[in-house]
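First the proteins, then the strands, lettered A, B, ... as listed; each starts at 1.
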Amino acid sequence: MENAVKISVKNLNLYYGDLQALKEVNIEISENSVTALIGPSGCGKSTFLKTLNRMNDLIPNTKITGEVLLDGNDIYAGDCDVIELRKNIGMVFQKPNPFPMSVFDNVAYGPRVHGERNKRALQETVERSLKAAALWDEVKDRLSKPALGLSGGQQQRLCIARVLAVQPEVVLMDEPTSSLDPISTGKIEDLMDELKKKYTIIIVTHNMQQAARISERTAFFLLGDLIEEGDTIDIFKTPRDKRTEDYITGRFG
Amino acid sequence: MKPGRTFAAIISIALVAGLMAGCGGTTPNGSQSETGKITVVGSTSVGPYMDELSKLFMGKNPGISINVEQVGSGQGIAATKDGSADIGMSSRELKDEEKPLNEYKLCLDGIAIVVHPDNPVSNLTKEQVKKIYLGEITNWKDVGGNDAPINLYTREASSGTRGAFEELVLGKDAAGKQITIDETICAAVLNSTGNLGASVGNDKNAIGYMSLGIVPEYIVKAIKFNGVDATPENVKNKTYALQRPFLLLTKNEPTGIVKDFLDFCLSSDEAKAYLESQKLIIE
Amino acid sequence: MKQGTARWRMNDKVIRSLLFVCAAISVVAVLLITVMIFVEAFPALKETGVWDFIAGTKWKPTDTPPQFGILPMIVGSVYVTGLALLFGLPIGMATSIFMAEIAPPKVAVVLRRAIEILAGIPSVVYGFFGLMMVVPIVQTLGGTGMSVLTASIILAVMILPTIVSVSEAALRAVPAEYKEGSLALGASHWQTIVRVQVPAAKSGILAATVLGIGRAVGETMAVILVAGNIPVIPESILKAVRTMTVNIVLEMGYVQPGSLHYSALFATGAVLFVFIMLLNFSIRALTKTRGEKQKNAKKH
């Protein structure tokens, strides 16, 4: 597994006002892999995820030091185009959040916003994305119906399709299955296996079994510190740090 | 329905009906004591003066409160007739169908024909004014002014000032019926003297009519009528033909505080002095 | 212990009955007013015929025989309200978007106070301001300045607070997840506002519009000072106009109770009533179909 480094995080610190939420985080994410971020509630894993597509910019009073390099370029540099960045690094949220529009319009939203007007091109993109999200068969006859009429699992896959429609290189997922039933969860986990062939995936999860199932690398966060990070098998079988071991064996969190 | 509900429903209907019935009632016409309330309703031309007179009266009689509502002569007459007003104000003579009511002449007032101060026209004959308001003359140049359309401003139909104007200027038609202003040819219909004055002051090509006493308060020019200046003196000596009485009206013979107030307005030196200071004519 | 519960049950019944009475009073009052309007309107409508009343263009109540056609007034109300919305809705929407999404919190608060003050200004003050300030300005465009345009401008300002406050509330109620989702896809803030947040707030904005229309159609004092009030269908927005409400007020003092003219004014009121009912129903119907579509689409 000697893939190129897609994202390189160096000495990342994040402050919400006076509160330091991330402390000296250093990690490298490889291309076309699935990296799981685990840790107890409030440990900073979601915050860390949001630094990768600069969604933290929306929260007032945040300060960041350090570097986040995407293909070698610091995304926090002054000349970085945030809009382009978020096109390249997509995000799927914990609770499915399809727009109150039709299925088609949801998936076509990204391309349209980036300037695509051609009807044909949009139709092809929508079909391609829905197929990639393993949702096409279920919705192909109801593309113009409201997206909010879909089940929870379908909505989440729709959100994934929506992200894929803008052809990102990286997909961030913030506990994407925590509000879904086991069957939908299973479907999405299968999906991730397919997706990693084309995309780099970073997934925050509360569910350690899920992390163990789907990821190649795992990173354990605790109170804003990246405690340990490595191949998933190693983290789960032979954790180096006692805190990691305690968390994995369920002694806390 | 449960018995409680039926009971409640009956109560509510009774309450509302009672409220509505109460609304049509009459107010007592004065009392023997020195306190009470007097409602005065009617003309927007007479109103401002009655407002001032009532303040003077209330100053001497602190227990009495007088409410002056300026809503137009027509409404004042109607309110007096149905009893909802103690005293009515009219700026024109009563029509036959509006009698009988007790009429008390407060004073005389002239009706000024007003135009914008920049309008070069300063005299119109009765014929000219009539033709203008009938839409037969439509350009100022036909009466010696600029080449511009004449914009007619009028009061609303129930205005006493309008009624007097129609009577004095437009006259009756061949069948003996009063000619009225056709609102559809006017530039605007205003619902009070003040609004008409302000509107005419805004429009260089306007013509309107308003109570003579009020003219100084507005940026308008009162023109001569049939060559006679619109002044209180000329109203008094009858050379200025456009004049009408300000009438105070009551339904029944006035008693108690209403009588006191009427006496004050009609006979007291203070009231007379005030009215004359406002360029109104006492006869 | 038993006595306590019995008393509670009694109090409960009494309070319920009291509340029922209060609610019933409102309903009964509305019903009585409605009935009264239509009963008083009946003689004029019967004499003229409902169609001739609504479609007739001549309003000459003092002629013999009198003519009661209120089409010019209906058209007047529609013109003036429509134009007021044309001006007021975009400005109101822009203001509410600015306050909800763009302005820093302190600025938004100042704006909100200003709008509240605007809402509290009495109609007659608006009318006077219109007469003194707006009429001369409109005059420079031609005509006397007392026109459809002037009335619409004043009304637009009057309905602004309603539109802004209801729209702003609707925008703030849009779930933050939509905004997040849109931004995460690389949309700009403005794109998010226009493509996601405003459409999501549609029903609230519609409600704001209905309220605005209601206020504009019913407004009398401000309109009477600036609209000219002549009973003809205006040929352009620079010509004078009379709305249904103004028609009632201007002629009110002139009529004898019980006369046909009196009944004709009530008939004007009845038409106004129906007009507003129709407006409310149609807008409710529009929003309902959309809401029901969403509901029916859910399958589990």
Side-chain angles (χ1 to χ4, degrees), chain B residues 2 4-5 7-17 19-20 41-43 71-79 81-82 97-98 149 151-160 162-163 175 177-178 180 182-192 194-195 198-199 201-206, chain C residues 13-14 16-33 36 57-64 72 127-128 131-132 135-136 138-139 143-147 220-221 224-233 239-242 246 249-257 261:
Chain B
K2 294 192 190 144
R5 291 278 160 90
F7 178 67
I10 295 175
I11 293 273
S12 18
I13 296 185
L15 261 171
V16 179
L19 279 165
M20 303 222 121
V41 179
S43 158
V71 290
S73 299
Q75 292 202 56
I77 295 168
K81 266 194 160 331
D82 73 31
E97 59 266 24
E98 290 167 341
N151 293 332
L152 295 173
Y153 286 76
T154 175
R155 288 288 308 282
E156 81 282 16
S158 67
S159 155
R162 170 164 158 179
K177 196 166 155 281
Q178 173 66 54
T180 56
D182 179 5
E183 288 170 357
T184 60
I185 62 166
C186 295
V189 178
L190 284 317
N191 66 337
S192 80
N195 294 337
S199 305
N202 266 339
D203 181 355
K204 290 203 160 53
N205 301 322
Chain C
K13 267 212 192 104
V14 169
R16 276 178 206 259
S17 299
L18 218 61
L19 292 173
F20 181 77
V21 170
C22 292
I25 289 183
S26 324
V27 175
V28 169
V30 170
L31 278 173
L32 282 176
I33 292 176
M36 180 188 168
T57 53
K58 292 210 195 314
W59 175 263
K60 295 199 185 292
T62 48
D63 279 2
T64 20
F128 185 67
L131 182 59
M132 300 276 84
V135 166
V138 173
Q139 219 178 60
T144 60
M146 303 186 111
S147 60
T220 318
M221 272 326 295
I224 211 173
L225 289 170
V226 302
N229 311 324
I230 58 173
V232 282
I233 300 179
K239 297 270 189 225
V241 68
R242 181 186 289 199
V246 166
V249 166
L250 275 184
E251 311 248 327
M252 230 163 45
Y254 187 79
V255 293
Q256 302 289 13
H261 192 179

Which atoms of C:Lys60 approach chain B - backbone, side chain, both or neither, heavy atom under 4.5 Å:
side chain

Would you kindly say whether B:Asn151 and B:Asp203 are connected by a side-chain donor-acceptor distance under 3.5 Å?
yes

So which residue, B:Lys204, B:Gln178, B:Glu183, ends up with the most heavy-atom pairs under 4.5 Å with chain C?
B:Glu183

How far apart are the C-alpha atoms of B:Ser192 and B:Asn195, what are their side-chain angles, what is the distance that settles it, and do they pass the side-chain hydrogen bond (donor to acceptor under 3.5 Å, both in side chains) test?
CA-CA 5 Å; B:Ser192 80; B:Asn195 294 337; 3.3 Å; yes

Any side-chain heavy atom of B:Glu156 within less than 4.5 Å of one from C:Glu251?
no

With a 4.5 angstrom heavy-atom cut-off, which part of B:Asn205 approaches chain C: side chain, backbone, both or neither?
neither

Rounded at 0.5 Å granularity, tell me how far CG in C:Leu131 sits from CG in B:Leu190.
7.5 Å

Please look at B:Lys177 and chain C and tell me whether the side chain, the backbone, both or neither of the residue comes under 4.5 angstrom of a heavy atom of that chain.
side chain

